[in-house]
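The sequence lines fix the lettering, A, B, ..., with proteins before strands; numbering per chain opens at 1.
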Number of protein chains: 2
Amino acid sequence: MALTDDDPRASDEPAVPAPHADTARERTHIGWRPGAPGEQSYEHPLVAVDVVILTMRRRRLEALLIKRRRWPYEGLRALPGSFVRGDESLEDAARRVLERAAGVRDVYLEQLYTFGDPQRDPRARVITVVYYALLRADALPAALAGSTGVIGSGEDAAELTWFPVDALPPLAFDHAEILRYTLQRLRGKLEYTRIGFQLLAPEFTLSELQEVYEAILSRTLDKRNFRKKVLSTGILEPTAHTRKSGQHRPAALYRFNPHADSGA
Amino acid sequence: MALTDDDPRASDEPAVPAPHADTARERTHIGWRPGAPGEQSYEHPLVAVDVVILTMRRRRLEALLIKRRRWPYEGLRALPGSFVRGDESLEDAARRVLERAAGVRDVYLEQLYTFGDPQRDPRARVITVVYYALLRADALPAALAGSTGVIGSGEDAAELTWFPVDALPPLAFDHAEILRYTLQRLRGKLEYTRIGFQLLAPEFTLSELQEVYEAILSRTLDKRNFRKKVLSTGILEPTAHTRKSGQHRPAALYRFNPHADSGA
DNA sequence: TCAAAAGTGTTGCAGGTACACCCATGA
DNA sequence: TCATGGGTGTACCTGCAACACTTTTGA
């Protein structure tokens, strides 16, 4: 996790104390009892959500990571996250994280898996329910359009950076495993659902769609077979528009047809 | 959830108090504060695991359910479950539930999904990580070989009953939704993994294997096509044995070959 | 006229589906 | 000899993979 449970847009830390921190606010949190790092003496686990935020940038699939500013794993990158509040659903918590980290709402969001190894967080027993979100690059807020952005300010400023999923930096906690698993799931779902469209603007070229598939599957696809297959499903409808880019032939723009059958 | 966190083989109740119960033991549990039923005033959620325990009985897919003996949903059936202990992983917790409810170890167990609606349990905010387990009917303990068994004794005795998944009784909490989702997942996995074998004894006939597929998919399959397909994958090896049953031709027994490629 | 991406068809193969009859056994 | 489940083969169709050249545009 990375964003606090308490501050609206703020630090990259959940409200679990570092081993020698001992403020009143921190001690109000259950699930942790004073002790050396690594000591296991909790009664009930804490519950967090972490969100793998993915988008297409520069023709690659990239994930949004936050730089940790405290122990443990200080300086490493981590997934944005938060503790789950008492009155919100897990998905609501994930959407809250998503809005704080990426400033977006109404994006594709799906629960991935729940990670609960007792040792996964040296501070406390934290069970994390992981979601992944697919964002359209065209709908990113200006602060995140570049490779690096900052949310919050002053003490609580947190640096957010996009990383290609095939060139990730060292990650905190078990977040490397979580990202591996996310990609595996995404590859599986790509075959029998329509999640690929979630990474594209409402109108897109067939080449752009193919790039999404190639980025997720990390292999190239045959252009003719790809077009044949995707058009034969009937889930695309042509628009009257074209996209001119560079000094070559403009590409026809298509639109996703939500009324076509099957998929998800 | 259904089995307590405290007793080794016991009641169908987690250690969350009924609204007016107020014993010392119950009050030691965090996440709940005194109040009328339905009142939401908790700080941190509790974490439970529930386990969908499935097996093939009488040629049908059946689930093991416990009869609730307390408010809420008294008398209804529920999934066996427990709170997660501080020092055990989620899967360990699921295996503990599995051993208490069904008396089995070393069975196929997989995490399904995490359900966390704030209102899903009227007693407290309980997030449940659901696992599903596939049991071989031939390896069931005697107490569960019949349709109904009892675990624990006296006050804590709990009645466990097998129900066909297509003829379930009214279920407590959101457990009907959980079972629907389990079947959906199982159908999906059946296509591209080998989970079907997890419901069979080490040696089995092709008809038995087909029955497993038909029970999970809830449709009949063509016998010739089914055999052709499953044999062509090379994941079965014939044994020298046959099974005689009734007054007809004995069936050849096959064995799963774990060294064949692909699947899971 | 060149560079760069868009666009387009055919063929072979593998795998899925539909479909009906004989076999081995015990009562 | 009969009833019961075990066991087998062919023909069609669909979907996937391999494969190369022409078109349109702006510079």
Side-chain angles (χ1 to χ4, degrees), chain A residues 56 58-60 187-188 190-194 196 200-201 203-215 217-255 260-263, chain B residues 56 58-60 187-188 190-194 196 200-201 203-215 217-255 260-263:
Chain A
M56 286 293 291
R58 299 154 20 96
R59 305 194 165 183
R60 294 185 300 190
R187 288 188 188 114
L190 199 60
E191 291 178 2
Y192 62 96
T193 69
R194 295 167 182 169
L200 292 172
E203 297 196 350
F204 49 86
T205 70
L206 291 180
S207 295
E208 287 166 349
L209 183 60
Q210 185 172 347
E211 280 162 13
V212 168
Y213 275 71
E214 290 180 338
L217 300 173
S218 49
R219 64 188 173 91
T220 59
L221 299 173
D222 180 86
K223 184 167 53 161
R224 280 169 295 186
N225 291 337
F226 181 81
R227 284 162 186 248
K228 215 184 318 167
K229 182 178 172 184
V230 73
L231 290 175
S232 74
T233 63
I235 58 177
L236 292 192
E237 45 185 38
T239 69
H241 314 141
T242 56
R243 170 168 304 158
K244 305 188 210 296
S245 68
Q247 61 259 42
H248 48 270
R249 180 170 175 175
L253 287 170
Y254 289 82
R255 183 190 305 121
D261 49 298
S262 91
Chain B
M56 285 293 292
R58 300 152 21 95
R59 303 193 167 184
R60 294 187 297 189
R187 286 186 189 117
L190 199 60
E191 290 178 2
Y192 63 98
T193 69
R194 296 167 181 165
L200 292 172
E203 296 195 351
F204 49 85
T205 69
L206 291 180
S207 294
E208 286 166 351
L209 183 60
Q210 186 173 346
E211 280 163 12
V212 168
Y213 275 70
E214 290 180 339
L217 300 174
S218 49
R219 64 188 173 94
T220 59
L221 300 173
D222 181 85
K223 183 165 55 159
R224 282 168 295 189
N225 292 337
F226 180 80
R227 286 162 186 247
K228 215 184 321 168
K229 181 178 173 183
V230 73
L231 290 175
S232 74
T233 61
I235 58 176
L236 293 191
E237 43 184 37
T239 68
H241 314 140
T242 56
R243 169 166 306 157
K244 303 188 211 298
S245 68
Q247 59 260 39
H248 46 271
R249 180 171 174 175
L253 287 170
Y254 289 81
R255 182 192 303 123
D261 49 297
S262 94

Colleague: Picking from C:dA5, C:dA24, C:dT17, which would you name as closest to the side chain of B:N225?
Modeller: C:dT17
Colleague: Can you check whether A:R227 has a side-chain N or O nearer than 4.0 Å to OP1 or OP2 of C:dG7?
Modeller: yes
Colleague: B:Y254 and side chain to side chain contact (heavy atoms under 4.5 Å, CB included): which single residue from B:L206, B:L200, B:V230, B:T205 fits?
Modeller: B:L206
Colleague: Rounding to an integer number of Å, can you tell me how far B:F226 CZ sits from C:dA18 C1'?
Modeller: 17 Å
Colleague: Which one, C:dC23, D:dT25, D:dG9, comes nearest to the side chain of B:R249?
Modeller: C:dC23
Colleague: Look up atom CG in B:D222 and atom CZ in B:R227, then write down how far apart they are to the nearest 0.5 Å.
Modeller: 10.5 Å
Colleague: Do other residues, nucleotides or ligands put more than 12 heavy atoms under 6.0 Å from A:R187 CZ?
Modeller: yes
Colleague: Whole-Å distance between C:dA5 C1' and A:F204 CZ?
Modeller: 18 Å
Colleague: Consider the side chain of B:H248, meaning its heavy atoms from C-beta on, and name the nucleotide among D:dG5, D:dC19, D:dG7 that approaches it most closely.
Modeller: D:dG5
Colleague: Between A:Y254 and A:Q247, name the one whose nearest nucleotide on DNA chain C is closer to the 5' end.
Modeller: A:Q247
Colleague: Between A:R219 and B:P250, which is nearer to the 5' end of DNA chain D once each is assigned its nearest nucleotide?
Modeller: B:P250
Colleague: Looking at D:dT24, does its base get a donor-acceptor pair with the side chain of A:K244 below 3.5 Å?
Modeller: no
Colleague: Per the atom types in the model, does the base of C:dT17 pair as donor or acceptor with the side chain of B:K228 at under 3.5 Å?
Modeller: yes
Colleague: Between atom CG in B:L231 and atom P in C:dG15, what is the gap in whole Å?
Modeller: 14 Å
Colleague: For atom CD of A:E237, is the number of surrounding heavy atoms from other residues, nucleotides or ligands below 6.0 Å larger than 12?
Modeller: yes
Colleague: Pick the closest DNA chain C nucleotide for B:S232 and for B:R224 by heavy atoms, then say which residue is nearer the 5' end.
Modeller: B:S232
Colleague: Separation of A:L253 atom CG from C:dA6 atom C1', in whole Å?
Modeller: 12 Å
Colleague: From CD of B:E208 over to C1' of D:dG6, roughly how many Å is that when rounded to an integer?
Modeller: 12 Å
Colleague: Would you indicate, yes or no, if C:dA5 has its OP1 or OP2 atom less than 4.0 angstrom from a side-chain nitrogen or oxygen of A:S207?
Modeller: no
Colleague: Figure out the CD/P separation between B:Q210 and D:dG5, and round it to whole Å.
Modeller: 14 Å
Colleague: Starting from P on C:dG16, measure out to NZ on B:K223 and report it in whole angstrom.
Modeller: 20 Å
Colleague: Could you check how far CG of A:D222 sits from P of C:dG9, rounded to whole Å?
Modeller: 14 Å
